[in-house]
Amino acid sequence: MDTKSFMFSASSFKDYLQCGLKFKYSKVDKRERAESSTHHRWFGSLVHSLIYHSIADYDGTSKDMTLRASPRKKETMELFEDIWHEKASNNEANIILKSLGDKPIGRFSTGKLASLGSTNGDMPQEELEEGWKEEARKMIENGIDILSDIHEIVELEKKIFYHVKGYKFMGFVDVLAKNKEGQYEFYDFKTSWDRSYDLDNDFQFFGYAKALSEDKGLGIKEDYFPTGYWVYLRKKELLPYELKKEKFWDMIRMTEKTMQNIESNIFLPDYGGPLCKFCDFRRICYGDDENIWTR
């Protein structure tokens with residue numbers, strides 16, 4: 001694979017770090033993804049869209065937004081009810097519904113969002129969705145509360161491009177903001193169930209801090225990296241991220257070594273890893289013999 005000509009997203013690069021075989025199936029072999037993955041994508045898109053809606057007006061598409069002065073919680077939660085019942089009650093509801101696509105049917109692969117913690121495999125679809133709805137409602141309300149506490153929101157879903165040793169990357173920053181001292185900071189909303197995370201070595205946050213520090217349009221002073229926040233929406237927690245100079249060079253070296261491994265066609269699998277349950281390629285992964293995602 002010619003890594004110098006490929007545009008990596010932070011998530012695709014992290015795919016390789018978590019399981020080389022998953023990266024190979026997706027980016028090298030370009031295999032079709034599993035339908036079951038739509039549950040998590042749909043749920044994450046729903047939560048993000050409604051959090052964004054609370055502080056912005058949609059202008060034609062879900063990516064075209066105009067910021068408001070302050071969040072609107074009551075209106076957003078009313079819109080959530082309409083969208084959940086797939087009612088295009090107004091233009092904004094219609095825009096969000098189109099961006100989400102059809103609501104998935106059946107269980108989340110983890111079962112943890114089955115229905116308020118229940119893992120009954122024979123549960124009707126209506127009861128399954130009650131669990132999803134409760135989790136989504138809680139996450140959206142928590143996200144709106146966090147937006148309310150941010151000093152100044154500058155931009156939503158800011159698209160960024162950056163280079164690491166000649167390798168190209170891109171990504172989207174959920175919320176770009178400024179603190180009371182006028183310094184830039186960024187927030188990334190997470191709908192994951194588990195909050196245990198090695199944030200110091202997270203490539204996504206490293207890349208975002210690097211990209212923003214080098215963005216000439218922001219005018220950030222040299223040698224300053226904006227603080228990032230990993231937002232755990234289930235519990236309304238903020239995990240701060242600060243990129244230090246010594247860690248900066250560690251991440252640069254790690255990126256270069258990883259790219260060399262990809263170029264050498266080294267795609268080591270991670271059978272039994274924590275993300276096997278969520279993988280888009282469970283049906284074809286030859287770790288299936290261990291039935292790792294149903295334990």
Side-chain angles (χ1 to χ4, degrees), residues 9-11 33 35-105 108 112-113 128-150 153-160 170-177 186-193 204 208 228-238 278 280:
S9 65
S11 60
R33 294 178 179 273
E35 285 298 317
S36 60
S37 66
T38 60
H39 284 72
H40 299 280
R41 290 199 181 97
W42 178 88
F43 187 86
S45 297
L46 169 73
V47 171
H48 279 74
S49 294
L50 270 297
I51 292 174
Y52 292 153
H53 170 270
S54 72
I55 196 68
D57 294 315
Y58 287 114
D59 302 320
T61 72
S62 59
K63 296 292 184 183
D64 187 12
M65 295 174 279
T66 301
L67 284 171
R68 299 170 58 87
S70 59
R72 45 180 178 178
K73 192 170 188 175
K74 183 176 182 293
E75 290 179 34
T76 299
M77 300 318 296
E78 290 173 353
L79 183 64
F80 167 61
E81 287 290 333
D82 288 344
I83 290 173
W84 190 264
H85 296 291
E86 300 178 286
K87 296 179 182 177
S89 54
N90 56 38
N91 186 51
E92 291 184 325
N94 190 47
I95 290 171
I96 294 174
L97 282 169
K98 284 184 177 179
S99 71
L100 292 176
D102 295 333
K103 186 186 297 183
I105 297 174
F108 276 74
K112 286 189 175 180
L113 290 179
L128 284 170
E129 291 187 12
E130 280 301 310
W132 309 356
K133 183 179 180 181
E134 177 62 20
E135 286 295 326
R137 181 196 60 76
K138 178 170 59 179
M139 290 184 184
I140 294 166
E141 288 183 339
N142 287 344
I144 295 172
D145 289 343
I146 288 169
L147 288 180
S148 300
D149 292 335
I150 295 175
I153 296 175
V154 177
E155 189 173 345
L156 302 176
E157 286 216 311
K158 178 177 175 59
K159 192 172 186 178
I160 55 173
M170 63 83 65
F172 290 91
V173 176
D174 284 352
V175 177
L176 177 65
F186 62 96
Y187 296 76
D188 198 71
F189 294 113
K190 301 296 185 182
T191 57
S192 55
W193 186 269
Q204 178 187 18
Y208 288 4
Y229 292 95
W230 195 94
V231 183
Y232 182 47
L233 288 171
R234 291 198 73 245
K235 298 294 185 181
K236 199 163 61 173
E237 292 183 46
L238 298 175
F278 305 94
D280 295 315

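Contact of the His85 side chain with the Lys103 side chain is not registered, since no non-hydrogen atoms from C-beta on lie closer than 4.5 Å.
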Please determine whether salt bridge (charged side-chain N to carboxylate O under 4.0 Å, His left out) holds for the pair Lys138 and Glu135, giving the CA-CA distance in whole Å, both sets of side-chain angles, and the decisive distance to 0.1 Å. CA-CA 5 Å; Lys138 178 170 59 179; Glu135 286 295 326; 3.6 Å; yes
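Here CG of Asn91 is found 10.0 Å from CD1 of Ile96. Values are rounded to the nearest 0.5 Å. Taking OG of Ser49 as the reference point, atom CG of Leu79 lies at 10.0 Å (rounded to 0.5 Å). Between the OG atom of Ser192 and the CH2 atom of Trp230 there is a distance of 3.5 Å, given to the nearest 0.5 Å. With rounding to the nearest 0.5 Å, the separation of CD1 in Ile140 from CG in Leu50 is 4.0 Å. Note that the CD1 atom of Ile153 and the CG atom of Leu67 stand 6.5 Å from one another [nearest 0.5 Å]. Between the CD atom of Glu237 and the NZ atom of Lys190 there is a distance of 15.0 Å, given to the nearest 0.5 Å.
With sequence neighbours left out, Asp174 forms a side chain to side chain contact (heavy atoms under 4.5 Å, CB included) with His48, Tyr52, Asp188, Phe189. For Glu86, the salt bridge (Lys or Arg N to Asp or Glu O under 4.0 Å) test picks out no residue, with sequence neighbours left out. Residues forming a side chain to side chain contact (heavy atoms under 4.5 Å, CB included) with Lys73 (at least two apart in sequence, or on another chain): Met77, Glu141, Ile144, Asp145. Here Tyr208 pairs with nothing under the ring-ring contact (aromatic ring centres under 6.0 Å, His included) rule; sequence neighbours left out. The side-chain hydrogen bond (donor to acceptor under 3.5 Å, both in side chains) check on Lys74 picks up Glu78, with sequence neighbours excluded. Considering only residues two or more places apart in sequence or on other chains, Ser9 meets the side chain to side chain contact (heavy atoms under 4.5 Å, CB included) condition with Ser11, Ser12, Met170.
Annotation for Tyr187 and Ala177: closest pair CE1-CB, 4.1 Å, computed over non-hydrogen atoms. Counting all heavy atoms, side chain and backbone alike, Leu176 lies closest to Lys158 at CD2-CD, 3.5 Å. Taking every heavy atom of both residues into account, Arg72 and Ala56 meet most closely at NH2-O, 3.1 Å. Closest heavy-atom contact between Asp82 and Ser89: OD2-OG, 2.7 Å. Heavy atoms only, all atoms of each residue included: Ser54 and Thr76 are closest at CA-OG1, 3.2 Å.
Panel note: side chain Asn94, backbone Ala88; no donor-acceptor pair is recorded below 3.5 Å.
For the pairing with Leu46, the side chain to side chain contact (heavy atoms under 4.5 Å, CB included) check across Ile51, Leu97, Leu100, Thr191 returns one residue only, Leu100.
Between Glu134 and Arg137, at least one side-chain nitrogen of the basic residue sits less than 4.0 Å from a carboxylate oxygen of the acidic one, meeting the salt-bridge criterion.
More than 12 heavy atoms of other residues, nucleotides or ligands sit less than 6.0 Å from atom CG of Asn90.
The aromatic rings of Trp84 and Trp132 sit perpendicular, their planes meeting at an angle over 60°, well past the 30° parallel limit.
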